[in-house]
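So the structure is just underneath, and the comments pick up after that.
All chains are named by letter (A, B, ...) in the order of the sequence lines, taking the proteins before the strands, and each is independently numbered beginning at 1. Predicted model, so just to flag it, every value in this text is computed and none were measured.
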Amino acid sequence: MPEKPTEEIESVAIRFTGDSGDGMQLTGTKFTESTALAGNDLATLPDYPAEIRAPTGTLAGVSGFQIHFSSHDIRTPADHPDVLVSFNPAALRANVEDVRPGGMVILNIDAFTEKALTRAGYTEDPLPALRDRFQLVEIPFTKLNRAALADLDLRSRDADRSKNFFALGMLYWLYNRPMEPTLRWLEGKFKGDVLEANARVLKAGHAFGETTETLPRSFVIPRAKIAPGHYRNITGNTALAWGIVAASQVFDQEVFLGAYPITPASEVLHEVSRYRHFGVKTFQAEDEIAAISSAIGASFAGSLGVCTTSGPGLVLKQEALGLAIMAELPLVVVNVQRAGPSTGMPTKVEQADLLNALYGRNSDSPVPVIAAATAGDCFGTTLEAFRLAVKYMTPVVMLSDSYLANSAEPWQIPDVASLGQERAPFATDPESFQPYSRDPETLARPWATPGTAGLEHRIGGLAKQDGTGNVSYDAKNNAHMHALRHEKVARIANEIPPTEVLGPDRGELLVVGWGSTQGAILSACIEAREDGQNVSNIHLRYLNPLPPDLGEVLARFDKVLVPELNLGQLSLLIRSQFLIDAKSLSKVEGQPFLVEELRAEIDAMLGLET
Amino acid sequence: MPEKPTEEIESVAIRFTGDSGDGMQLTGTKFTESTALAGNDLATLPDYPAEIRAPTGTLAGVSGFQIHFSSHDIRTPADHPDVLVSFNPAALRANVEDVRPGGMVILNIDAFTEKALTRAGYTEDPLPALRDRFQLVEIPFTKLNRAALADLDLRSRDADRSKNFFALGMLYWLYNRPMEPTLRWLEGKFKGDVLEANARVLKAGHAFGETTETLPRSFVIPRAKIAPGHYRNITGNTALAWGIVAASQVFDQEVFLGAYPITPASEVLHEVSRYRHFGVKTFQAEDEIAAISSAIGASFAGSLGVCTTSGPGLVLKQEALGLAIMAELPLVVVNVQRAGPSTGMPTKVEQADLLNALYGRNSDSPVPVIAAATAGDCFGTTLEAFRLAVKYMTPVVMLSDSYLANSAEPWQIPDVASLGQERAPFATDPESFQPYSRDPETLARPWATPGTAGLEHRIGGLAKQDGTGNVSYDAKNNAHMHALRHEKVARIANEIPPTEVLGPDRGELLVVGWGSTQGAILSACIEAREDGQNVSNIHLRYLNPLPPDLGEVLARFDKVLVPELNLGQLSLLIRSQFLIDAKSLSKVEGQPFLVEELRAEIDAMLGLET
Amino acid sequence: MAQAVQITQKDFSSDQDVRWCPGCGDYSILANVQRVMPELGVRRENFVFVSGIGCSSRFPYYMNTYGFHTIHGRAPSIATGIKCARPELSVWVVTGDGDGMSIGGNHLLHTIRRNVDIQILLFNNRVYGLTKGQYSPTSRVGMNTKSSPEGSIDYPIQPLAFALGAGATFVARTVDVDAPHLQETLRRAHEHRGTAFVEILQNCHVFNDDEWIEVEDRKQRIDAGMKVVDGAPLVYGSEGARRGIRIEDGVPSVIELADGQDPVAAGVAVHRERYETPAYAFALASLARPEFPLPTGVFRAIENPSYEALLSAQVASARVQRGKGDLEALLSSGDTWTVEA
Amino acid sequence: MAQAVQITQKDFSSDQDVRWCPGCGDYSILANVQRVMPELGVRRENFVFVSGIGCSSRFPYYMNTYGFHTIHGRAPSIATGIKCARPELSVWVVTGDGDGMSIGGNHLLHTIRRNVDIQILLFNNRVYGLTKGQYSPTSRVGMNTKSSPEGSIDYPIQPLAFALGAGATFVARTVDVDAPHLQETLRRAHEHRGTAFVEILQNCHVFNDDEWIEVEDRKQRIDAGMKVVDGAPLVYGSEGARRGIRIEDGVPSVIELADGQDPVAAGVAVHRERYETPAYAFALASLARPEFPLPTGVFRAIENPSYEALLSAQVASARVQRGKGDLEALLSSGDTWTVEA
Ligand SMILES: Cc1ncc(C[n+]2csc(CCOP(=O)(O)OP(=O)(O)O)c2C)c(N)n1
Ligand SMILES: Cc1ncc(C[n+]2csc(CCOP(=O)(O)OP(=O)(O)O)c2C)c(N)n1
Ligand code: SF4
Ligand code: SF4
Ligand SMILES: [Mg+2]
Ligand SMILES: [Mg+2]
């Protein structure tokens, strides 16, 4: 058998889909690892079914994982997959309309029984019509997989569990990915028959690809030009968890994480719980209020207090967050946003808790708010939150979202030395100690922790006199303290680096983004610029305070567009602060922006027909 | 003895001050009642010590009550009292600097012992210096009072309790107020020796006024020109409570109030609890979350659910409020605002929960917000909140504050027939019933309550499909539901009456207010206009949505000033929505605006030196 | 009229697909609740199921009654509002060990204390199912979960002891797969006026499989379980290994019984649901494996006026004493004055 | 060094004016706490007092130690964070019947359940003092207050029964004005490792005066109270009217004792703090006036490892097993790759 030809292509996006039980997340993850090691740039997006465990074979139970990889820069998992792998009719039905016209659709044809088609809601066989629109590749994965395992003593139900690895093997061949990382992983994870079965079908799938005439050629995606360095794949939640663990090292101080499980933030708690040997204590509280309260207590006692949650949990924490603001204690409150309102769609994305982070408390109670832009960026943004908290003696809200939480990207592993070594400036000297005295630069009050002789003092949520920290109902003092809390947060602006404008630094249109939309916005703007359009973009990490040069940057553009996965929250802040007619592009479908949606809006604002 | 002369004056402001135990609130209230019956317009402001019970004789324990009454319109308790009555040195010290230069200062000179002066923080006798600046009236109230009771068998501690009534009697003489209302009240309240003692000293005080040479004349304040009608005095909290009780009549439906005590909202619960015979059920919950949850349950079951709280309590209710928004149930959430952040100054005023009312929940979850402007207006605003809630099937946030809560004003008792008779449009017909079908005008869904055969259905906090109300994770449906919830609230704008501009309807400066600042703003603007200044003002009851003509009104003025007892919350909304450079005048001292503070800012904006 | 026809179990199935994992104990509970409903003499439209958040809390979606799937932990408070507003409704709360005992513990406490006449079914699977398997307040010490990779260090709470500490007037325990016992317990809970608190031991097949196998398995449960019956001695165990529970000075111990020995004579306590003191039921609730058998059945059932009944009575008596509220009179009460035109 | 000098009660008074109403029971509690502190062998800077909101919760302001006056009901959670972060501190929570049993019930429940090594002092005056006199979760049925003008219809919760239902390892009850008993109870609470839950019956002179007069008054308390002592029988009453408590099958009853009669022989139970089962202590906690005497003293004191100790042990053992965390190794763990320049 002659070797089949290979074709070099620039990039490809593959979406693996099947029933929740079909192992799509694992398949996608393994493919991602191989791809990373093959040197491509990549982005991934898992798409779980909601919290519910749906009956097998129904639309509600479909699970998906998309990976986009390329020989050049990649910023999003791609609007439309080039390849769809579907393990059953429901997965096909839920996903096929997203596939790029003429794309490849690989089916486990064994699963396309009449019963399964009905269960998926098909009233007639969809394949004939699809054959006209896509390149259908129909493969009896179940049969082939069973055959590969025939001589092992496995029940067919057990055997069938590995059919995803058969398909994975085939796709490794198709895109010339290395099998070794997956084989190595299997060896670390399983023993005996299970190891044997999985390894065998992976190889069998690969061999099948090589052999079958259904696949006339394989594809090569050259290595991407990536900044030199040491890399790994990382999801936002892992990066966030590691940021928390790293804080214990950077500050050489114990970290205390109080958390109550909630989708999509729970994995941060899970991950951090594994690192007790770093001097990181985790506490699963009875609810979100206890979680933040315990973290406040820990901060008061001199640990780095942090709590992790999602939307409804943030709401519950707000009263206690107000206390931390009044008590001026360092604290990091992480909110991995999800789609609401109320319970909403807990597994889906929104970035709609910005105004809640800013205004979710009684009275004016300013708190710095920063947001991560990519999965990997969750690491650094978390560390930045700790740094601000300690330096300014203030709680800080750090925003991520469910898209960042679950999607993975290659991440250049930072040099630990580069993270710096900070040390909390604990007060120790009783001489003229005052609990509410001020650092003249940052306005921080001293961090005086229990156990320090001579610094005994009492704090609380009642209005306090500046300096002594005693309870005070004095009118002018109260106004002074309001102003002081406001000013303390405002001074953070002094440290915000100049806003980086991508594209011309003045012109017709500026696109302003924040958080997880960075990849899509960047792609859309780069593409638009490549098409000769006059559009620039900036992406904000600091939401409160806003960058000091922001007004000036905005003023250099005729029009401003603010795309957000909410009904216009940053847009409201920008309009109010700078009195410019910033236009909000909002999407609240529980899904990230497609590049094409952004491009359409950019075109519209530039007066171009689309 | 010849009768003393009387002098006619237009208005006077008196502040009664003493230790918490001296009965200043009662004294003030009784004086107010007499004054109302005397036909003057009036406004009052009590000023309690904070929640703490301070040691007697200290500044922290001073309690005050100010009443401003006049033969013309009165809108504020006055910036500077004309008369200060002080029962001890601490009360003098805490208040004397507020008195208008040359004003009258009436002292219980018996209380000015050296010990008491020291306790108040005086290092030397303040009276000599004060005699130059004020008209000091030094009266041995304690001695006179004891003397009046000498023949009764009372311990002097008990006798001393009534010295405030002695002073009250003297002031009744001084300002020619009728004593009958107070005597009648005493008869209803007390019996035997206590009644005898109080009535006797009241009359003795009056006689003393008539006799003493210290007071050369008494004053007459002619009746005010007040719209004809039936009047009473009312505090904001009572008006609010009665608004809740009235709802049960207007809608002919049971009201269910879930509440957890919190200053300054507790009295609403107390007051409503007294009216079970109206078919009003009150439930003292274990916390604010249970309070709102129980009210949501009651609304689901077909009652008019309402809950009353203050700042920190509102924050705790927000998660459940999000549920009510998702479930589209009618509900009134009353927030009697107080000074924060955190526990702050619980007895002091702020109007700083506006943004929290709007944005205090996860995700975009719109809720109508309305605010009362005067004590009496709390009644109608509460009823309006119920009307909107039922008509639009939505929770409504109603804002009051601690200033409105405690201050009293004459209130024209509304004709019950004029309150209208509404009826909740309960669904009853199973034919084609859908829990999330829509009224085409209001977008309200049907209110289908348990017990109605054939309408069995399930609601909840997960994203819902329009129409069926079933759980749905469909992307487009989710966007549609977000838009729908937003639009439902926005449509309320159609009912908002045209904005009433006081003063020229276009010009140089427009002052925009909301809530309890109405009186001060109105006074300042009227005075300024009387001084020939080009300034107009509007006062907003509807904060979300804003009045539909607001943008157009604002555009007619060169400048816009937004005075608020917060750091600029309505101002933020106006700037963002209308892109005008509205200037915020903020005061966060736990005290209402003084008219002079507003005038100074108006002058400044008009470019006048002050 | 639809109600004229005899309603059946089927009438209580809603049109929503049931979405628990295959093997989940919730299925059996659902089926048994649906089976018991038609026997309770309540019209279907008068049932309301209220829940919080959790796998168990999806329950209302599957009941063709009025239903409210609310927010995490708050179902007892929402149910309280429903019952106070409409005492004629039959209100059932479905909650989990996380929903009810973790975030919702306080509402459970106060609802039970007030004795609101509702049924509370706590599905105890000793794990957070919906959020994919963290330990819960009822999980055993040492349990390895995603959030306790080195074993949980929280001492578990015993829901029935908690309920008795809250002053519960009715507490019972039953098991997901024991259909007749479960049904009888539901009937008893419904009969009870006041808060009926029922712990249902439930299997989470995915995250905590076989946690209750000792009382689910027909064989094991003979020695590991003890069904308590009003008026009968506290005995359990298979032929030849019969045992009884004795309680001295409030302290329970196990007595081995000889063949044919009279348990009461041997000092075994007799079960009584109606002691005024909760102390006896608490002793029962504190029995834990492996030293003791796990008791099931009705531990306590005493009658006290229920909260919503007392509330309605206050409304009624206020009306008798003061007449139906007259708004005009209220607004004009106290000192008023008239300004003439 | 300041600590070389013997510290006294005075050293524990802060410079803030004490601001309770004259006649408030809180004064006596404060004085006794300040008196006991110097005896505990803890350096002043290692004491932390944490409270919520209420009259009682102002307590930390008056203690010259570290103090945190937090928000309503959350003190136990904040104290948990403090103790977990710094196990060497002596952490005391001061809370009220509203702060602790109403809004804060859930945190109290879980803190007690976890057995965090802190002292919780619940000042029970059966009323909301700070908000001016509404009924609280411990108020009696029928109590007339501003929010219950026709009498409260809530059944009161019994804090010690609640704590035992939560699995408390140490529960005690004492009285504001009984200085020696209060002091001894505080000492015992401090000695205990794990959560020490102490109910202090406290007089609110302004809003609920004399609620506890039966056990505050030196005369009345002889017949109305019962001080329990480890190893001694449960007896009370004045000469000639001595009585004892018997507990059969978990059900307590009063036995009249003849002059000189041996209580134990008469069937009176002997008090033991260390029964493994909480059932006995619960029986004690359920004794209520007027049928029974109100017991005071230490009801239960058993030793179980405390939460923060177990947590620290996990940290320590993780370090032994895996070494001190190495961030570089963590970041580079699993599959990584290098892109060359
Ligand atoms: C305010 C809030 N916090 C956290 C969550 C996440 N959450 C949902 S269900 C659940 C626990 C459910 O456990 P349990 O009640 O035992 O139900 P089960 O799934 O085991 O039946 C949690 C933590 C939430 N929905 N809301
Ligand atoms: C979130 C919140 N809700 C309500 C309040 C109002 N509040 C303050 S103290 C208190 C009750 C205090 O009662 P208790 O704990 O018994 O203390 P006591 O004053 O009787 O000592 C209440 C309801 C508050 N401060 N915060
Ligand atoms: S996770 Fe457990 S409790 Fe939830 S549905 Fe699955 S088996 Fe049932
Ligand atoms: S109100 Fe009661 S509890 Fe509060 S300080 Fe006064 S007497 Fe003490
Ligand atoms: Mg569970
Ligand atoms: Mg109290």
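Residue contact with chain D, scored on non-hydrogen atoms closer than 4.5 Å, involves the backbone and the side chain of A:I226 alike. Residue D:V48 touches chain A through its side chain alone, counting heavy-atom pairs closer than 4.5 Å. Contact annotation for A:F256: only side-chain heavy atoms (C-beta onward) come within less than 4.5 Å of a heavy atom of chain D. Of the atoms belonging to D:F47, not a single heavy atom falls under 4.5 Å from chain A. Of the atoms belonging to D:S333, heavy atoms from both backbone and side chain fall under 4.5 Å from chain A. For A:A290, the parts lying under 4.5 angstrom from a heavy atom of chain D are both the backbone and the side chain. Contact annotation for D:E340: only backbone heavy atoms (N, CA, C, O) come within less than 4.5 Å of a heavy atom of chain A. Looking at D:S332, both its backbone and its side chain come within 4.5 Å of chain A, counting heavy atoms on both sides. Heavy atoms closer than 4.5 Å to chain A are found in the side chain of D:Q16, but not in its backbone. In this structure, the portions of A:Y231 lying under 4.5 Å from any heavy atom of chain D include both its backbone and its side chain. If you measure heavy-atom distances from D:L89 to chain A, the contacts under 4.5 Å come from the side chain alone.
For the pair A:Q465 (side chain) and A:N470 (backbone), a donor-acceptor distance under 3.5 Å is absent. The backbone N or O of A:G305 lies less than 3.5 Å from no partner atom in the side chain of A:S303, so there is not a single donor-acceptor pair. Side-chain atoms of D:S136 never come within 3.5 Å of backbone atoms of D:G98 as a donor-acceptor pair (strictly under, hydrogens ignored). Between the A:E319 side chain and the A:L316 main chain, no donor and acceptor come within less than 3.5 Å of each other.
If you tally non-hydrogen atom pairs under 4.5 Å between each of A:H230, A:Q412, A:E286 and chain D, the highest count goes to A:E286. Annotation: maximal heavy-atom pairing with chain D below 4.5 Å, among A:I234, A:I292, A:N233, occurs at A:N233. Per-residue heavy-atom pair counts under 4.5 Å with chain A were compared for D:R113, D:H107, D:R74, and the maximum is reached by D:H107. Interface summary for chain A: among D:V315, D:L327, D:V320, the most heavy-atom pairs under 4.5 angstrom belong to D:L327.
Side chains of D:N64 and A:E456: a donor-acceptor N/O pair is absent below 3.5 angstrom, by distance only.
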Criterion salt bridge (Lys or Arg N to Asp or Glu O under 4.0 Å) on A:R184 and D:D335, from CA distance to verdict = CA-CA 10 Å; A:R184 232 184 301 128; D:D335 285 319; 3.5 Å; yes
Kindly indicate, with the supporting measurements, whether the criterion side chain to side chain donor-acceptor pair (under 3.5 Å) is fulfilled by D:T169 and D:H192.
-> CA-CA 9 Å; D:T169 54; D:H192 178 71; 2.8 Å; yes
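Considering only heavy atoms from C-beta on, D:F197 comes within 4.5 Å of D:L108 through its side chain.
Seen from the ring of D:Y61, A:R458 does not count as a face-on cation partner, given the 6.0 Å and 45° thresholds.
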